[in-house]
Amino acid sequence: MSIKTDNLSKTFRIRDKEIKAVDSVTFEIDKNTIGALVGPNGAGKTTLIKMLSTLIIPTSGDAYVNGYSIIKDEKKVKESIGLVTVSERLFYYRLTALENLVFFASLQNMSLSEARKRAKELLELVGLGEWANIPYMKFSTGMQRKLALARALITDPPVLLLDEPTLGLDPLSARMFRDLVRRIGRDKTILLTSHYMKDIEELTEKIILLKKGKVIAEGNKDDLKNYLGRVVEVEVNDYPLTLGKYVIETSTNYYVLRVPEKELDELRDYKIIKEEEPSLEDVYIFLVGDVEDSAKLESVRRGGWWRRWE
Ligand SMILES: Nc1ncnc2c1ncn2[C@@H]1O[C@H](COP(=O)(O)OP(=O)(O)OP(=O)(O)O)[C@@H](O)[C@H]1O
């Protein structure tokens with residue numbers, strides 16, 4: 001097992017309010033597997049990644065990365081991981097890509113010649129070989145992300161933690177980045193977070209779905225899809241508020257809903273357009289969107305909240 005959490009929890013206290021950001025989370029990611037933490041904003045994904053990378057200390061529970069406890073073996077955990085996040089300011093703007101990597105490599109007890117060799121290898125690996133001597137400030141978001149990945153690979157760690165690696169990337173850059181992650185993932189364990197179902201669908205072998213700090217579903221793509229069953233696209237004239245999350249098309253006199261077959265009996269009159277296997281997005285919508293959120297969305301769609309602001 002390369003990543004294992006055991007009732008891992010983190011509670012933040014702001015004045016007299018407690019936020020259970022991560023609430024007794026237990027899961028495992030096998031060696032050389034790509035896993036994903038998926039869930040809505042505030043589900044606890046980043047907090048989990050930060051605990052696994054020893055940046056924040058759990059309130060209770062423990063986790064093991066490459067066999068080391070994040071509480072007892074912090075140093076070993078740090079040595080085992082490469083971390084890529086979007087939130088930190090990673091690089092020196094005026095230095096070139098090569099100079100930046102050489103700088104970070106030399107912090108890892110490498111000689112200057114070793115650091116230069118490693119930096120050049122990594123720039124080739126991530127497809128930035130031709131950009132080695134260009135200052136970082138000229139880099140696009142996609143190139144910045146690749147350089148961040150190269151930096152995380154300097155020590156060739158067995159585990160990579162990637163927090164929203166494709167955030168802000170255009171579709172082509174995102175696709176190229178996924179390809180890179182897939183190649184690197186052949187001999188590393190990767191845990192990533194993402195809001196893009198395409199990342200999850202194409203890259204990951206194990207999915208952990210989080211909501212309000214808790215694991216609400218876990219498994220590979222097929223497990224999750226089988227759990228949902230088939231989905232049906234139907235045309236209706238009206239539908240109950242609770243099914244608002246399934247609307248995929250709105251016209252002046254009809255709606256198209258994409259509904260799990262097992263929820264079809266919530267509808268009275270409908271015309272079936274097509275029936276198919278679910279996508280991961282279908283699974284996500286089914287599990288994550290609850291009645292409360294769906295009702296809010298509905299009241300906006302039907303003009304309730306707009307009117308207030310007119
Ligand atoms: N340092 C902090 N102090 C107080 N509350 C925090 C802190 N960090 C996170 N939280 C809260 O913990 C919860 C989980 O946040 P977290 O950033 O882990 O979610 P997330 O799943 O990564 O969300 P997103 O998809 O928006 O990045 C949220 O309610 C957030 O407001």
Side-chain angles (χ1 to χ4, degrees), residues 3-29 34-63 65 70-71 74 77 81-90 141 144-145 148-149 152 159-169 174 177-178 181 190-204 206-219 224 245 280-290 292-294 296-297:
I3 299 176
K4 182 178 183 327
T5 70
D6 182 9
N7 282 308
L8 191 63
S9 301
K10 179 72 190 179
T11 304
F12 291 108
R13 283 186 183 82
I14 305 176
R15 287 181 216 108
D16 53 351
K17 217 178 140 213
E18 274 197 352
I19 301 166
K20 282 191 175 175
V22 174
D23 192 358
S24 296
V25 165
T26 299
F27 67 82
E28 291 174 0
I29 308 282
I34 305 184
L37 297 172
V38 185
N41 296 125
K45 306 179 294 292
T46 301
T47 306
L48 240 160
I49 293 276
K50 282 185 178 165
M51 285 194 279
L52 292 176
S53 42
T54 74
L55 292 176
I56 56 175
I57 302 165
T59 310
S60 61
D62 201 347
V65 178
I70 58 168
I71 296 169
E74 190 186 321
V77 171
I81 60 162
L83 173 67
V84 179
T85 67
V86 278
S87 53
E88 49 184 309
R89 277 238 161 171
L90 284 170
T141 311
Q144 290 177 5
R145 219 51 68 71
L149 189 58
V159 178
L160 276 182
L161 302 172
L162 313 177
D163 197 8
E164 302 202 38
T166 58
L167 183 73
L169 299 192
F177 198 87
R178 280 197 290 274
V181 171
I190 299 181
L191 181 62
L192 57 90
T193 74
S194 180
H195 288 295
Y196 300 113
M197 288 302 132
K198 220 162 171 47
D199 289 351
I200 313 299
E201 191 94 51
E202 286 185 17
L203 279 180
T204 59
K206 173 89 183 256
I207 299 156
I208 292 115
L209 196 52
L210 292 170
K211 187 176 173 183
K212 294 181 181 159
K214 286 187 187 294
V215 177
I216 57 166
E218 182 188 346
L224 295 182
K245 65 181 179 180
L280 271 184
E281 186 163 324
D282 291 319
V283 179
Y284 182 93
I285 299 292
F286 175 71
L287 288 170
V288 166
D290 53 27
E292 192 189 322
D293 299 337
S294 186
K296 276 186 210 153
L297 184 73

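When a ligand or atom number is given, it counts from 1 through the structure's own listing order. Remember, it's a predicted structure, so these values are computed and weren't measured experimentally.
- Taking the side chain as every heavy atom from C-beta outward, Met197 and Val38 approach each other to under 4.5 Å.
- Qualifying side-chain contact (heavy atoms from CB on, under 4.5 Å) partners for Ala43, counting only residues two or more places apart in sequence or in other chains: Pro40, Lys45, Leu210.
- Taking every heavy atom of Glu164 and a limit of under 4.0 angstrom, the matching atoms of ligand 1 come to 27 (O).
- A donor-acceptor pair shorter than 3.5 Å cannot be found between the side chains of Ser9 and Asp23.
- Looking only at protein heavy atoms, the nearest one to atom 17 (O) of ligand 1 is Thr46 CB, 3.8 Å.
- Scanning the protein for heavy atoms near atom 14 (C) of ligand 1, the closest one is Gly42 O, 3.4 Å.
- In the displayed structure, Glu281 atom CD is contacted under 6.0 Å by at most 12 heavy atoms of other residues, nucleotides or ligands.
- Protein heavy atom in closest approach to atom 12 (O) of ligand 1: Ala21 CB, 3.2 Å.
- At the shortest separation from atom 26 (O) of ligand 1 among protein heavy atoms lies Asn41 ND2, 3.0 Å.
- Considering backbone and side-chain atoms together, Gly44 places an N or O closer than 3.5 Å to an N or O of ligand 1.
- Within the 4.5 Å cutoff, the side chain of Leu192 has no heavy atoms near those of the Leu37 side chain.
- In this structure, the side chains of Phe177 and Leu149 come closer than 4.5 Å at one or more pairs of heavy atoms.
- At a heavy-atom cutoff of 4.0 Å, ligand 1 is contacted by no atom of Thr193, backbone or side chain.
- Listed by number with element, the atoms of ligand 1 under 4.0 angstrom from any heavy atom of His195 are 25 (O).
- Of the protein's heavy atoms, none falls inside 4.0 Å of atom 30 (C) of ligand 1.
- Annotation: Phe12 places no N or O atom under 3.5 Å from an N or O atom of ligand 1; distance criterion only.
- Of all protein heavy atoms, the one closest to atom 16 (P) of ligand 1 is Thr47 OG1, 3.6 Å.
- The part of Ile19 lying near ligand 1 is the side chain, judged by heavy-atom distances below 4.0 Å.
- With a 6.0 Å radius and a threshold of 12 heavy atoms from other residues, nucleotides or ligands, Ile57 has its CD1 atom at or below the threshold.
- Shortest non-hydrogen contact noted between Ala152 and Leu160 is CB-CD2, 4.0 Å.
- Annotation: side chain to side chain donor-acceptor pair (under 3.5 Å) contacts of Thr46 (sequence neighbours excluded): Asp163.
- An N or O contact shorter than 3.5 Å is missing between Gly39 and ligand 1 by distance.
- Of all atoms in ligand 1, numbered sequentially from 1 with element shown, those under 4.0 Å from a heavy atom of Ala43 are 19 (O), 20 (P), 21 (O).
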